[in-house]
Amino acid sequence: MQDIIRYPASRILDVAKALSGDLRVRILEALGDKSMSVSQLAEALGVAQPTISINVQTLEQAGLVTSVQGANREKICSVTCRSIQLELPTKPGDGLHAIETIHMPIGMYSHCSISPSCGMAAKDGSVIGSQDDPRVFFMPERIDASLLWFAGAGYIEYYFANPLPPGVSLDEIRIRAELCSEAPACHMEWASDITLTVNDHHAGTWTCPSDYGDRKGKLTPERWKSGTEYGMLTEWRITNAGSLVNGQPAADTSIDMLQLSFNQPIAVRFEVKEDAVNKHGLNLFGSQFGDHPQDIVLEFIRRPENE
């Protein structure tokens, strides 16, 4: 557990939502400095177990609570910090409001191009299928993946539904995922150029400096002993003026160029290109692996009508 977690302005609404409910504050209070199962929380707070589960999920999405699977396959919850630090918006765009948010499990991809070495792991740290066998990426068990990886060039692509009705104008979309490079075992000096495309438009390339394995990931199960432990939470933003990666200008692609349609899916691809300078694959982390309790997040953003 960390003493303090710092949240950028782009996450302020997630945290505010999580802390706006009395029950969620009571859950944080009940956890205190100890871990509790969902059923223990339900008994302690006098609330139905499904209600506890829903509110724990909201706290997890905000990064305030983390959970692991207990001996009886029940979720064991813990707080992630004792204090939080919020950065208030300081420039145009920081105060934009998310009007829809979609959380995509990493195993629910629609297309991929994978070559060995590669593989997937479940949330308990067990390997799905066989390592270094691309056929695993087409097995139905892939839906349970909480970590997937491939070396060299390749891609993994997701289809997101467009939840917005016709005529709704957007100021930007944001895509967040926890990622790192892929080296044999792990290698702290192992850069990889990871590119995001949305509807076949380049949204920016982020050079990850490492395949991180110098410590245990905060959520990574003890059973996992294969080197890679955590990634970096990386955010792409596509605005009316262009695209950014982690707040830095990255491409000319704008919202209008995506040609979003209410009855067409939104294709989001994470790729290491064949011509990349640093062609060292990627690891993609789910909500129960690595450092951050989230899957892939796609947010649809616009300013409030009165701004």
Side-chain angles (χ1 to χ4, degrees), residues 1-2 27 31 35-42 49-50 52-80 101-110 112 114 117-133 135-150 156 158 176-180 182 185-186 211-213 215-234 270 281-298:
M1 180 175 61
Q2 301 181 61
I27 289 172
L31 291 174
S35 300
M36 298 177 69
S37 69
V38 169
S39 60
Q40 288 172 331
L41 284 168
Q49 190 165 323
I52 292 291
S53 296
I54 291 170
N55 283 275
V56 164
Q57 185 177 23
T58 300
L59 291 167
E60 287 179 313
Q61 291 168 358
L64 298 174
V65 164
T66 186
S67 63
V68 296
Q69 186 173 288
N72 297 321
R73 303 183 66 83
E74 185 175 14
K75 181 180 285 189
I76 307 298
C77 307
S78 307
V79 294
T80 58
T101 302
I102 299 176
H103 300 264
M104 179 70 74
I106 67 167
M108 292 187 66
Y109 49 85
S110 299
C112 66
I114 304 294
S117 61
C118 58
M120 290 186 287
K123 61 184 179 181
D124 63 356
S126 62
V127 173
I128 297 174
S130 301
Q131 292 195 55
D132 300 332
D133 185 350
R135 294 175 299 175
V136 171
F137 283 76
F138 300 97
M139 294 170 53
E141 289 84 356
R142 67 188 175 91
I143 196 171
D144 297 320
S146 207
L147 172 68
L148 64 82
W149 69 91
F150 61 83
I156 195 94
Y158 298 83
R176 288 194 302 274
E178 184 177 352
L179 298 150
C180 74
E182 166 56 18
C186 74
D211 178 5
Y212 295 102
R215 61 165 173 81
K216 198 69 182 171
K218 296 182 177 69
L219 305 171
T220 302
E222 289 298 326
R223 181 175 178 176
W224 180 251
K225 305 294 183 183
S226 295
T228 304
E229 289 287 339
Y230 64 96
M232 292 183 65
L233 191 61
T234 306
F270 299 93
L282 65 79
N283 281 269
L284 178 58
F285 297 80
S287 60
Q288 294 178 296
F289 241 90
D291 274 359
H292 301 276
Q294 68 153 68
D295 292 297
I296 302 165
V297 176
L298 173 59

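In this chain, numbering begins with 1 at the start of the sequence shown. Bear in mind the structure is a predicted one, so any value in this text is a computation, not a measurement.
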- request: Carefully, step by step, assess Leu298 and Tyr158 under the rule side chain to side chain contact (heavy atoms under 4.5 Å, CB included).
  value: CA-CA 11 Å; Leu298 173 59; Tyr158 298 83; over 6 Å; no
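Atom-to-atom distance recorded for Asp211:CG and Thr228:OG1 is 3.5 Å, nearest 0.5 angstrom. For the atom pair CD (Glu178) and CG (Asp295), the distance works out to 10.5 Å, reported to the nearest 0.5 Å. To the nearest 0.5 angstrom, Phe270 atom CZ is 10.5 Å from Phe150 atom CZ. To the nearest 0.5 Å, atom CG of residue Leu284 and atom CD1 of residue Ile106 are 5.0 Å apart. Taking OG from Ser130 and CZ from Arg135, the interatomic distance works out to 7.5 Å, rounded to the nearest 0.5 Å. Atoms CD and CD, from Gln57 and Gln61 in turn, are 5.0 Å apart once rounded to the nearest 0.5 Å.
Considering all non-hydrogen atoms of both residues, Ser117 and Glu182 come closest at OG-OE2, 4.2 Å. Of all heavy-atom pairs spanning Gly213 and Cys186, the tightest one is CA-SG, 3.8 Å. What you find for Gly63 and Pro293 is that their closest heavy atoms are CA-CG, 3.9 Å. Of all non-hydrogen atoms in His103 and Thr101, the two that sit nearest each other are NE2-CG2, 3.6 Å. When all heavy atoms of Ser146 and Ala122 are compared, the closest pair comes out as CB-C, 4.0 Å.
A search for side chain to side chain contact (heavy atoms under 4.5 Å, CB included) contacts involving Lys75 returns Val38, Val56, Glu60, Ser67, Cys77, not counting sequence neighbours. By the side chain to side chain contact (heavy atoms under 4.5 Å, CB included) test, Thr66 pairs with Ser78, Thr80, Leu219, sequence neighbours left out. Legend: residues meeting side chain to side chain contact (heavy atoms under 4.5 Å, CB included) with Ile76, ordered by chain and number and at least two apart, are Ser35, Ser37, Val68. Tyr212 pairs by the ring pair (Phe, Tyr, Trp, His ring centres under 6.0 Å) definition with Tyr230, not counting sequence neighbours. Scored by the ring pair (Phe, Tyr, Trp, His ring centres under 6.0 Å) test, Phe137 finds no partners at all (sequence neighbours excluded). Applying the side chain to side chain contact (heavy atoms under 4.5 Å, CB included) test to Thr220 and every residue at least two apart in sequence or in another chain returns Lys216, Trp224, Glu229, Phe289.
Looking at heavy atoms from C-beta onward, Ser126 lies in side-chain contact with Arg223 at the 4.5 angstrom threshold. Residues Leu64 and Thr58 form no side-chain contact, since every pair of their non-hydrogen atoms from C-beta on lies 4.5 Å or further apart. Between Leu233 and Asp291 there is no side-chain heavy-atom pair separated by less than 4.5 Å.
Listed for the Asn283 side chain is no donor-acceptor partner under 3.5 Å among the backbone atoms of Leu179. Looking at Gln294, its side chain does come within 3.5 Å of a backbone N or O of Arg176 through a donor-acceptor pair. A donor-acceptor contact shorter than 3.5 Å is absent between the side chain of Arg142 and the backbone of Met120.
Between Ile128 and the choices Val136, Leu147, Ile143, the side chain to side chain contact (heavy atoms under 4.5 Å, CB included) rule is met once, by Val136.
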